[in-house]
Amino acid sequence: FAFSSCDNMTAIHIPASVSSIGTAIFADCNSLKEITVASANAHYQAANGVIYSKDGTVLVTCPAAADVTIIDTVTEIAPYAFYYNANITSITIPSGVTKLEEAAFGNCSKLASVNFKGNELTTIGNHCFRSNSALSKIKLPASVTSIGAYAFAYCSNLDYIYFMGNAPTFGADIDGTYYDKVFISCTTNAYYPEGN
């Protein structure tokens, strides 16, 4: 949260010396339109308002970009990567992504459409889509086996959720207490294909 809620920050350059970027570093920085990383940086790269690991396998953060095409090499979306991004309205998760980490898309107030390509995603982390009031339906790939605590909590307009495979496990242990409130404060209809 190093630069979180810096409302007027419009640009930042990450120098070559930076070797670690913390969780939710730019949360609620919705004016941050220009993010660059020094080409000599051995750990990170930036493209179109998104910071990735240098090898392109981890999407580290996307604080403000409204139109995002995630590169195909990504296999993991880091914790709090899009947290409080108030500009994004839709996202397509590439087929290689196997895990959405904690609160990856939490509090994205305009995120109305999430599309999963392929069938590799297994885990949706705690608080992953929490408080996304614009999200009205979602279709989860058959590969999903685990949905964390509060993953869709307070998605007040989530009307339809489609499980394309068998029912995943719900909930997680947080600081020694088990929570399973995946859909708290939702009035959603769940659908499964016949035979699952």
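Position 1 is the first residue of the sequence, and the numbers go up from there.
With a 4.5 Å cut-off on side-chain heavy atoms, F105 and I91 count as touching. The side-chain heavy atoms of L59 and F82, taken from C-beta on, include a pair separated by under 4.5 Å. With contacts defined as side-chain heavy-atom distances shorter than 4.5 Å, the pair I35/C62 does not qualify. Taking 4.5 Å as the limit, some side-chain heavy atom of C155 sits within range of a side-chain heavy atom of N132.
Linking Ile, Leu, Val, Met, Phe, Trp and Tyr residues whenever their side-chain heavy atoms come within less than 4.5 Å places L32 and I25 in a single cluster. Linking ILVMFWY residues whenever their side-chain heavy atoms come closer than 4.5 Å, directly or via other members, places F116 and V144 in the same cluster.
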Just do the side-chain contact (heavy atoms from CB on, under 4.5 Å) check on Y191 and Y160 with the steps written out, would you?
CA-CA 8 Å; Y191 297 91; Y160 306 101; 3.5 Å; yes

Can you list the steps and then say if T89 with L111 is a side-chain contact (heavy atoms from CB on, under 4.5 Å)?
CA-CA 4 Å; T89 58; L111 183 60; over 6 Å; no

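Here the closest heavy-atom approach between residue S39 and residue K54 is recorded as O-NZ, 3.2 Å. G118 approaches P141 most closely through the heavy-atom pair O-CB, 4.1 Å.
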For residues 166-187, run the donor-acceptor check on the side chains, cut-off 3.5 Å, and write out each pair with its distance to 0.1 Å, sequence neighbours left out.
unit_1	atom_1	unit_2	atom_2	d
T169	OG1	T145	O	3.2
D173	OD2	G176	N	3.2
Y178	OH	F170	O	2.3

All N/O donor-acceptor pairs, side-chain side in residues 4-21, below 3.5 Å, sequence neighbours left out:
unit_1	atom_1	unit_2	atom_2	d
S4	OG	F1	O	3.1
H13	ND1	T36	OG1	2.7

Kindly list each side-chain donor-acceptor pair under 3.5 angstrom involving residues 66-81, sequence neighbours excluded, with atom names and distances?
unit_1	atom_1	unit_2	atom_2	d
T73	OG1	G56	O	2.7
T75	OG1	T57	O	3.3
Y80	OH	E102	OE2	3.3

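Side chain of K99 to main chain of G125: no donor-acceptor pair is present (N/O by atom type, distance under 3.5 Å, no hydrogens or angles). With hydrogens and angles disregarded, no donor-acceptor distance shorter than 3.5 Å links the side chain of N87 to the backbone of A65. Judged by distance alone, the side chain of N107 and the main-chain N or O of Y83 form no donor-acceptor pair under 3.5 Å.
The side-chain hydrogen bond (donor to acceptor under 3.5 Å, both in side chains) contacts involving residues 110-129 comprise N119-S143, H127-R130, where partners must be two or more places apart or lie in separate chains. Within the structure, side-chain hydrogen bond (donor to acceptor under 3.5 Å, both in side chains) pairs that include any residue of residues 43-52 do not occur (at least two apart or interchain).
Taking CZ of F3 as the reference point, atom CZ of F26 lies at 6.0 Å (rounded to 0.5 Å).
Remark: N30 pairs with D28 by the side chain to side chain donor-acceptor pair (under 3.5 Å) rule, at least two apart or across chains.
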